[in-house]
Amino acid sequence: MTVVTMDDPFLETLKDIYYAEKHIVKALPAMVKKAGDGQLKDALETDREETEGQIERLEEVFKLIYTPARGKKCDAIEGILAEAKKHADIKNNAVGSAQAVGHYEITRYGTLIAWANQLGKHDAARLLEENLTEEKHANELLTKIAESSANRKAAA
Ligand code: FE
Ligand code: FE
């Protein structure tokens, strides 16, 4: 009989977001380079810097559960990043792509925080909360950029 505990999905999902963040940090410099708009460029550059810190926090979470930090292939983020690459030349799509990446991260962190709290891993939950807060803030900024560029087009 296999004993299924919630630790398994927690660890699997932690590996998933760790893999995702590491891929995002590698993909962002090209996205920054392609972002013509000053606001979008700044937002993505901030995102890149924050992602480095997010990876470090995830490594802390692995430490808290006495598990080596290792990612597990996430097909979802690979697909989203592949689309982002394809759409990078069209600015509104670049904003949309960055938001698609962010939303994937937000869902992952939301789930992980809920599980960490259920498992009594409150220190881990706090670290994950910090990442989630950054992701949400980045997403709000991108929404503002999307709205202002849509308004500019409507006014033109
Ligand atoms: Fe992130
Ligand atoms: Fe995934």
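For ligands, and for the atoms within them, numbers begin at 1 and follow the listed sequence. These numbers were taken from a predicted model, which means no experiment stands behind them. The analysis underlying the following values was restricted to heavy atoms, covering all of them including side chains, and did not include hydrogens, waters or symmetry mates.
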Please determine, by modelled atom types, if [X] and [Y] share a side-chain donor-acceptor pair under 3.5 angstrom.
X     : Y      : value
Glu59 : Tyr18  : yes
Gln99 : Thr143 : yes
Tyr19 : Glu78  : yes

Check this for me, if you would: do [X] and [Y] make a salt bridge, where the nitrogen-to-carboxylate-oxygen distance has to be below 4.0 angstrom?
X      : Y      : result
Arg126 : Glu129 : no
Glu147 : Lys144 : no
Arg57  : Glu134 : yes
Lys73  : Asp75  : yes

Confirm or rule out an N/O/S atom of Thr13, from backbone or side chain, lying less than 2.8 Å from the Fe ion (ligand 2). no

Rounded to 10 degrees, what angle sits at the Fe ion (ligand 2) between Cys74 SG and Asp16 OD2? 100°

In the protein, N/O/S atoms that are found under 2.8 Å from the Fe ion (ligand 1), waters not counted: Glu21 OE1, Glu21 OE2, Gln54 OE1, Glu105 OE1, Glu135 OE2

